[in-house]
Amino acid sequence: MDLIARLRAGLPGEAILTDPDVTGSYAHDMASFCEAGTPAVVVLPRTVEEVQHIMRTATELQVPVVPQGARTGLSGAANASDGCIVLSLVKMDRIIEINPVDRIAVVEPGVINAVLSRAVNEHGLYYPPDPSSWEECSIGGNIGTASGGLCCVKYGVTAEYVLGLDVVLADGRLLTTGRRTAKGVAGYDLTRLFVGSEGSLGIVVRAVLALKPEPPQQLALAAEFPSTAAACQAVCEIMARGHAPSLLELMDRTSIRAVNDMARMGLPDSTEALLLAAFDTPDPAADLAAVGKLCTAAGATEVVPAETAAESDLLLQARRLTLTALERVKSATMIDDVCVPRSRLAEMLDGTAAIAEKYGLTIGVCAHAGDGNTHPTVCFDAADPDESRRARESFDDIMALGLQLGGTITGEHGVGVLKKEWLARELGPVGVELQRGIKDVFDPLGILNPGKLF
């Protein structure tokens, strides 16, 4: 019996896609410069039992399986390999439970981040992780790549909210990890091991997520600086003084001008860096006043605090428009994701500007400045082979700079195909050997998302 026939024995007909014109649309995520193969079939299960059937079939026939969420990733982690089963989890999109007493939500992997966030808000609760693609990205994808977002500076990343998981292993067995309780230290922390594993250890089919009480409405300020060094000094002072902003974002000159060109935001051409800070504390105005003074002392030429939520949204609009604006500069972009210690943030931004000059490219940087996570965006003409080569080389130089500054090659986007050679450099030979050993325990045949990470 062939692959398709075996799959049909345990799946409804509509869950199996074989038309090449359709399956080809599932071949890749949103990353540039990442190879993608041609899948043999795309399956869209709705139940845990269907996922188990798919994995049993894949194991018996030794067919690779590439798990996918909403395919909004930026590292090629969801890219198909030739002849694989693409296992799309978008149909498993139920919010199973929201429990205000235990402050947890139990969800399937296809639930969209924004849908969950709004659902828990109705109970006076808050799910903090908020990737920029939160209106499109799925919880399963967030777990697979250990996603972050704008709120990480105060609330942390996805890994800190995953209490337990149900995972279908490569051979079809169902593993339950973690807990529903506020505390629990029984055995090795397998839950955390799966978070960020990019589908290489198992298929997440259910997640128990921690929730927080919904905070007060945040207020924001915008501070303009004559240099990135001054803006980064303000970031260091804000954090060193013990402030806990709910958002602390930075935009460099290139990003500011791209947004100005697109949306006519009216920011002065002399602005070299824009720092955006927000607080969701009981008295955000007082916190903004204190931070405003620190910005002025660091050299800010203008500090504009908001007095209402509507004004805050206007101030933050520039940051939200950054990627869209940079995408208008050239026909293609590569978004890097290097995280460095906050104390080295200015060196990272200045170094990236030097790399842009070296390669004759436009590279705009926006950053989750509060946690040192920078997103240099390389703009290039994909139809120009020389410019594409320079873009890829500049991307690598940026990652090398991040490691040189004591940082990491990815703060929240993951490794996938795009950065796997750099993962080996960051981990070192002993680290790679141990991680490959872990992979072998969970996936001895090597059928889960092959070619990713290592």
*Walk me through it: do Lys419 and Asp336 pass the test salt bridge (charged side-chain N to carboxylate O under 4.0 Å, His left out)?*
CA-CA 10 Å; Lys419 297 186 175 184; Asp336 217 324; 3.1 Å; yes
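- The salt bridge (charged side-chain N to carboxylate O under 4.0 Å, His left out) test applied to Lys452 returns no partner, not counting sequence neighbours.
- For Val153, the side chain to side chain contact (heavy atoms under 4.5 Å, CB included) test picks out Met239, Pro245, with sequence neighbours left out.
- Rounded to the nearest 0.5 Å, atoms CG (Leu74) and CE (Met30) are 6.5 Å apart.
- Taking both residues in full, the closest heavy atoms of Ala210 and Tyr127 are given as O-CD1, 3.8 Å, listed atom of the first, atom of the second, then distance.
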*Please test Ile54 against Leu7 for side-chain contact (heavy atoms from CB on, under 4.5 Å), starting from the C-alpha separation and ending with a verdict.*
CA-CA 6 Å; Ile54 294 163; Leu7 290 171; 4.2 Å; yes
*For Arg71 and Gln68, what are the C-alpha separation, side-chain angles and deciding distance, and is it a side-chain contact (heavy atoms from CB on, under 4.5 Å)?*
CA-CA 6 Å; Arg71 290 182 291 115; Gln68 288 185 351; 3.1 Å; yes
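- Partners of Phe33 under the ring-ring contact (aromatic ring centres under 6.0 Å, His included) rule, at least two apart in sequence or in another chain, are Phe380.
- Listed by chain and residue number, Phe194 satisfy the ring-ring contact (aromatic ring centres under 6.0 Å, His included) test with Phe442 (two or more places apart in sequence, or in another chain).
- To the nearest 0.5 Å, atom CG of residue Asp443 and atom CG of residue Leu445 are 7.0 Å apart.
- At least one donor-acceptor pair closer than 3.5 Å links the side chain of Thr47 to the backbone N or O of Glu50.
- Note on Glu122 versus Arg118: no salt bridge recorded, every NZ/NE/NH1/NH2 to OD/OE distance being 4.0 Å or above.
- The distance from atom CE of Met348 to atom CG of Asn373, rounded to the nearest 0.5 Å, is 10.0 Å.
- The CD1 atom of Ile447 sits 7.5 Å away from atom CD1 of Ile85, with the distance rounded to the nearest 0.5 Å.
- Side-chain rings of Tyr126 and Tyr155 approach one another, their centers coming within less than 6.0 Å.
- Within a 6.0 Å sphere centred on CE of Met262, other residues, nucleotides and ligands contribute more than 12 heavy atoms.
- In terms of modelled atom types and a separation under 3.5 Å, the side chain of Asn449 and the main chain of Pro67 share no donor-acceptor contact.
- Residues passing the side chain to side chain contact (heavy atoms under 4.5 Å, CB included) test with Lys91, sequence neighbours excluded: Leu44, Arg46.
- When every heavy atom of Ala105 is checked against every heavy atom of Leu116, the shortest pair comes out as CB-CD1, 4.1 Å.
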*Kindly determine whether Asp396 and Arg392 satisfy salt bridge (charged side-chain N to carboxylate O under 4.0 Å, His left out), including the steps that lead there.*
CA-CA 6 Å; Asp396 287 343; Arg392 180 68 217 221; 3.4 Å; yes
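- For residues 376-385, every residue pair satisfying the side chain to side chain donor-acceptor pair (under 3.5 Å) rule, not counting sequence neighbours, is listed here: Ser331-Asp381.
- Using modelled atom types, one finds a donor on one side chain and an acceptor on the other under 3.5 Å when comparing Gln218 with Ser246.
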When the side chains of residues 93-102 are checked against the rest of the protein, which donor-acceptor pairs come out under 3.5 Å, sequence neighbours left out?
{"unit_1": "Arg94", "atom_1": "NE", "unit_2": "Glu108", "atom_2": "OE2", "d": "3.3"}
{"unit_1": "Arg94", "atom_1": "NH2", "unit_2": "Glu108", "atom_2": "OE2", "d": "3.1"}
{"unit_1": "Glu97", "atom_1": "OE1", "unit_2": "Arg180", "atom_2": "NH1", "d": "3.0"}
{"unit_1": "Glu97", "atom_1": "OE1", "unit_2": "Arg180", "atom_2": "NH2", "d": "3.3"}
{"unit_1": "Glu97", "atom_1": "OE2", "unit_2": "Asn99", "atom_2": "ND2", "d": "3.3"}
{"unit_1": "Glu97", "atom_1": "OE2", "unit_2": "Arg180", "atom_2": "NH2", "d": "2.9"}
{"unit_1": "Asn99", "atom_1": "OD1", "unit_2": "Val101", "atom_2": "N", "d": "3.0"}
{"unit_1": "Asn99", "atom_1": "OD1", "unit_2": "Asp102", "atom_2": "N", "d": "2.9"}
{"unit_1": "Asn99", "atom_1": "ND2", "unit_2": "Asp102", "atom_2": "OD2", "d": "3.2"}

*Begin from the C-alpha positions of Glu433 and Arg436 and carry the test salt bridge (charged side-chain N to carboxylate O under 4.0 Å, His left out) through to its verdict.*
CA-CA 5 Å; Glu433 179 185 351; Arg436 283 179 171 158; over 6 Å; no
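- Of all heavy-atom pairs spanning Pro109 and Ser138, the tightest one is O-CB, 3.4 Å.
- Across all their heavy atoms, Leu163 and Thr181 have their closest contact at CD1-O, 4.2 Å.
- Atom CZ of Arg389 sits in a crowded spot, with more than 12 heavy atoms from other residues, nucleotides or ligands closer than 6.0 Å.
- By the side chain to side chain donor-acceptor pair (under 3.5 Å) test, Lys420 is found to be paired with no residue, residues two or more places apart in sequence or in another chain being considered.
- The shortest heavy-atom contact between Leu3 and Leu61 is CA-CD1, 3.7 Å.
- Within the 3.5 Å criterion, the main-chain N or O of Leu165 finds a donor-acceptor partner in the side chain of Thr177.
- For Ile355, the side chain to side chain contact (heavy atoms under 4.5 Å, CB included) partners are Tyr359, Ile363, Ser394, Asp397, Ile398, Leu401, not counting sequence neighbours.
- Sorted by first and then second residue, the pairs that involve residues 398-415 and meet side chain to side chain donor-acceptor pair (under 3.5 Å), not counting sequence neighbours, are Asp337-Thr410, His368-Glu412, His375-Glu412, Thr408-Glu426.
- Using a 4.0 Å cut-off between charged nitrogen and carboxylate oxygen, Arg257 and Asp261 do not count as a salt-bridge pair.
- Leu190 contributes atom CG, which lies 6.5 Å from atom CG of Leu175 (distance to the nearest 0.5 angstrom).
- When the options Thr352, Asp350, Asp252 are evaluated for a side chain to side chain donor-acceptor pair (under 3.5 Å) with Thr228, the one that passes is Asp350.
- For the pair Leu453 and Ser200, the tightest heavy-atom approach, listed with the atom from each and the gap, is CD1-OG, 3.5 Å.
- The salt bridge (charged side-chain N to carboxylate O under 4.0 Å, His left out) check on Asp82 picks up nothing, with sequence neighbours excluded.
- For the atom pair CD1 (Ile409) and OG (Ser75), the distance works out to 9.5 Å, reported to the nearest 0.5 Å.
- Considering only residues two or more places apart in sequence or on other chains, Thr362 meets the side chain to side chain contact (heavy atoms under 4.5 Å, CB included) condition with Thr254, Val329, Cys379.
- In this structure, a donor-acceptor pair under 3.5 Å is present between the side chains of Asn142 and Asn113.
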